[in-house]
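Written out below as structure tokens is the structure these notes cover.
All ligand and atom numbering here is 1-based and tracks the order in the structure. Remember, it's a predicted structure, so these values are computed and weren't measured experimentally.
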Amino acid sequence: MASKRVYFFGARKAEGRGDQKELLGGKGAGLAEMTRLGLPVPGGFTITTEVCDQFYRLGKKWPRGLDGEIQRALKRLEHVAGKKLGDPVDPLLVSVRSGAARSMPGMMETILNLGLNDRSVEGLAQGTANPRFAYDAYRRFITMYGATARGIAREKFDHEFQKIKDERTRKRLGLDADAKVADTLVDEAELRDLVYRLKKVYLQETRQQFPQDPWDQMVGSINAVFGSWMADKAVTYRRVEKISGLKGTAVNIVQMVFGNMGEDSGTGVCFTRDPNSGENTFYGDFLSNAQGEDVVAGIRTPVKLSELERRMAPVYYQLLKDRKILEKHYRDMQDIEFTVERGRLYILQCRSGKRSPQAAFKIAHDFVAERLISREEAVTRISPEDIERLFYPVIDPSVPKPDLEKRKLAQGIDAVPGAASGEIVFTAADAEAAAAAGRRVILVRRETSPEDVGGMHAAQGILTATGGKTSHAAVVARGWAKCCIVGCEELDIDPAAKELKSRGKTLREGDVVTLDGGTGTVYEGALPLVKPALPAAFHDVMKWADSFRRMRVRANADTPYDAKKAIEMGAEGIGLCRTEHMFFDTEERRFAIQEMILADAPAQRRAALDKLLPFQRDDFAGIFEAMDGRPVTIRLIDPPLHEFVPHDRPKQEELASRLGIDPETVARRVAQLHEANPMLGHRGCRLCITYPEILDMQIRAIIEAAIRVKRKGTDVKPEIMHPLVMDRKELEFLEKRTRAVADPLLKASRLRIPYTVGTMIEVPRAAFLADQIAEVAEFFSFGTNDLTQMTMGLSRDDAGRFLPDYVNPGGAAIFALDPFQSLDFEGVGGLMTMAIEKGRKTRRGMKIGICGEHGGDPRSVKFCHEAGLDYVSCSPYRVPIARLAAAQAVLSARKRR
Ligand code: ADP
Ligand code: MG
Ligand code: MG
């Protein structure tokens, strides 16, 4: 027998469970679980995601027997509800709702009020003694069904609505020609007329009558929901959000409850905690006398929940109770959709709520304090993106208040914090085009719709004139932690003219504004932005992470400034200090290195190097001091020499005159340095094989700096690293020379400063011969940028032209990810595993780390943990991400065991 395809819920019993998200979708699993918990959920049933998959496999047809299963579930629902679908006296109405395993806000379709036809609408009118309400429900259903199931342009229906308002409602009420007519002002007679006209639109557009048989309506709606899974906007959303591997959407058929039955009814969305700050306060929007779609679409601007407490205290208190139940049960902050029908509360959806990165830390921290989750769990709940986004900018607090005041352009609702500035654009397409051209833009819309996601993603910030904190714009932007202001009603936006007016000013496309998503204020012009202070919870949660991880985390830092930053970020050492940056720092240094490169004989070279020595010594001393006893891995000179010399004539002449030589000589030497393939050329330790004087100078600078700092009482742990090694003998030559310089200096100092000599593993040959190289090297550090480049034979500088074709899921899709961003586990990772094994066979317990770009990539960090590395090293900014990833690697391994 085929597996079960329809899962019923209602009257406190449910066939499905909360942990069946993959099968029932998030919404279906949530409805089942809430029903089991005894929460007030209307009855209904869920058609599984597997059916959606079969639907597409069968060429958009239903699998055999599905209709029978649905009809049986429907009978059961009719029994529980005590009403029948299509009943002319007391009709059951249902919604048909999409819902995949991962939340895709607003991407897929929902149809409300199904079951209405020309007869049952009368029954509803009489049963509720509210004909206006019945016809309002009917006109919504015709519109939704027509647009969603039959693809009729929604504007066609909206146009009829507007016409009725203009021709009849406005006249009847004697309103001004330019006054806005609210939907709620349209009366019963006008709605009857509207329904008639909408059905005419339907007939014109489809050449069919609007379906009167509820079963036909049901089939059409279910197909529409399945269809929405593959709609362009949904496919785009999944691509942008990197969602893959889902079967499809489930379909939820749910008994309708009505928030639009008068002032004792309404609908809302709430979060069990503040999704921006994470504070343990109830947070949300409520719209009275409205159906759910009105809030989500952001068409009307709702009121705060506190207003609900004032208007309907019992409902508010029940909601508070349910909030507790849900948080306790799910052990996470929840996002809840609810509707109040004549003073009775119904919960229509719950899911784990999207939150700002600040809130992610605060909530995880508070849940530990409230003993709802463990510290381990808290650490696994933080995502690397949360950390990254913590460092998002705010408007520089030192900008004087009066300056801000003067630039104020409008005030809206603070939907997502962070600040952004950019040129305004008025369409999603313009935003995408401008971003592709490298411009920073703010997308300004009256309201956003799912079609806009591409442009929203491309923009620095989003600004809408309507909607509340749970409108489409707010929800989507929050997911990306993208600065967003909604409900900015004073903006008068004219998308056709590409301009907006506010407070007597007119701004056109391309004019710059700054958004403060934290306060909801829009400013004219570009304001300076700065990084915010970290939330208190951040430090605690990171401390927990540190207590779980095995690997150490170091930073790549070349200057005392970077070193201090690295420590602030929690680095436990420097894994890569590149010395060549020190040569570019000032003109004086540049000339000294250039003089060294242009020298003809070792003596001359040494003289030039002597000028560099004090600079390098000071730099190393500064770094050692900043690192205060933590290990510092110093890599000797690495880039090809041609990178240090001028290539244009005027600069060459200037250099020549400074050195007192002929410009032709300079030009000739520069030309000699030219290499066809510099990345495989005279660089790395090869330079010191040719010019050991360079090594002598660098080692002297390192050791003398170490002595100086140690004398002042600060511990130093230098680790001297030779780059691009490919052979044991090569390293042996360098190591001997290193010690020949270092040891006498140390001896003379009478200080004990243990130092180590090691190598990078970044040439595949070195990985193969790691056992031999380990006879000399005291440590390894994988330089995975070069190792990737050389293992794959891909030039990192040029691969950008064709690598996207390898990675693009719409193209050849050979690699899932860019191997320069996320480690190629099989190839490069395989070499690493081999080198670790070989290295440690020769030298037991050998210290091995990674210092390439991958050291800050969470996926790669996990690999490094599993491969047994001692540490990862990455840019200071990514250190917290690596700390978290290293802890999560331990926790996920524990879980698997
Ligand atoms: P989404 O996935 O976009 O949130 P939903 O399926 O939740 O879509 O439905 C859209 C809106 O319709 C929501 O506000 C929801 O609360 C409302 N809604 C859905 N089903 C019902 C129902 N049975 N009764 C009342 N409102 C409903
Ligand atoms: Mg919903
Ligand atoms: Mg390298």
**Report entry** Carboxylate-amine/guanidinium contact Lys233 Glu109, below 4.0 Å
**Finding:** yes
Report task. List every atom of ligand 1 that sits less than 4.0 Å from any heavy atom of Ser95, numbering the atoms from 1 in the order shown and giving each element. Result -> 19 (C), 20 (N), 21 (C), 22 (C), 23 (N)
Query raised in the report: Where is the tightest heavy-atom contact between Ala234 and Ser228, given as atom of each residue plus distance?
Result: CB-O, 3.4 Å
Report summary line: Out of Ile347, Thr267, Leu114, Thr110, the nearest non-hydrogen contact to atom 10 (C) of ligand 1 is supplied by Thr110
Query raised in the report: Gln291 near ligand 1, heavy-atom distance under 4.0 Å?
Result: no
Query raised in the report: Between Glu188 and Arg192, is there a side-chain N and carboxylate O pair less than 4.0 Å apart?
Result: yes
**Report entry** Gln217 and Asn117 side chains, donor-acceptor separation under 3.5 Å
**Finding:** no
Report task. Considering only NZ, NE, NH1 and NH2 on the basic side and carboxylate oxygens on the acidic side, decide whether Arg150 and Glu205 come within less than 4.0 Å. Result -> no
Query - Backbone or side-chain N/O/S of Gln349 under 2.8 Å of the Mg ion (ligand 2) - result: yes
Query raised in the report: Given that the side chain starts at C-beta and the backbone is N, CA, C, O, which of these parts of Val257 lies under 4.0 Å from ligand 1, counting heavy atoms, or is it both or neither?
Result: both
Query raised in the report: Are Lys304 and Glu307 ion-paired here, with the side-chain N under 4.0 Å from a carboxylate O?
Result: no
Requested in this report: Classify the side-chain pair Asn113/Tyr145 by whether it contains a donor and acceptor separated by less than 3.5 Å.
Outcome: no
Query - Atom name of the N, O or S atom in Glu337 that lies nearest to the Mg ion (ligand 2) - result: OE2
Report summary line: The answer for which part of Glu337 has a heavy atom under 4.0 Å from ligand 1 is side chain
Query raised in the report: Quick one: does Thr339 get an N or O within less than 3.5 Å of an N or O on ligand 1?
Result: no
Query - Per-atom contacts of ligand 1 with Lys27, taking only distances under 4.0 Å to non-hydrogen atoms - result: 1 (P), 2 (O), 5 (P), 6 (O), 7 (O), 8 (O)
Query raised in the report: Ser98 to ligand 1: N or O pair under 3.5 Å?
Result: no
Report summary line: Short version for Gln255: what comes under 4.0 Å of ligand 1, heavy atoms counted, is backbone
Query raised in the report: For atom 17 (C) of ligand 1, which of Ile253, Val254, Leu112 has the closest heavy atom?
Result: Leu112
Query raised in the report: If you count the non-hydrogen atoms of other residues, nucleotides and ligands that lie under 6.0 Å from NZ in Lys165, is the total more than 12?
Result: yes
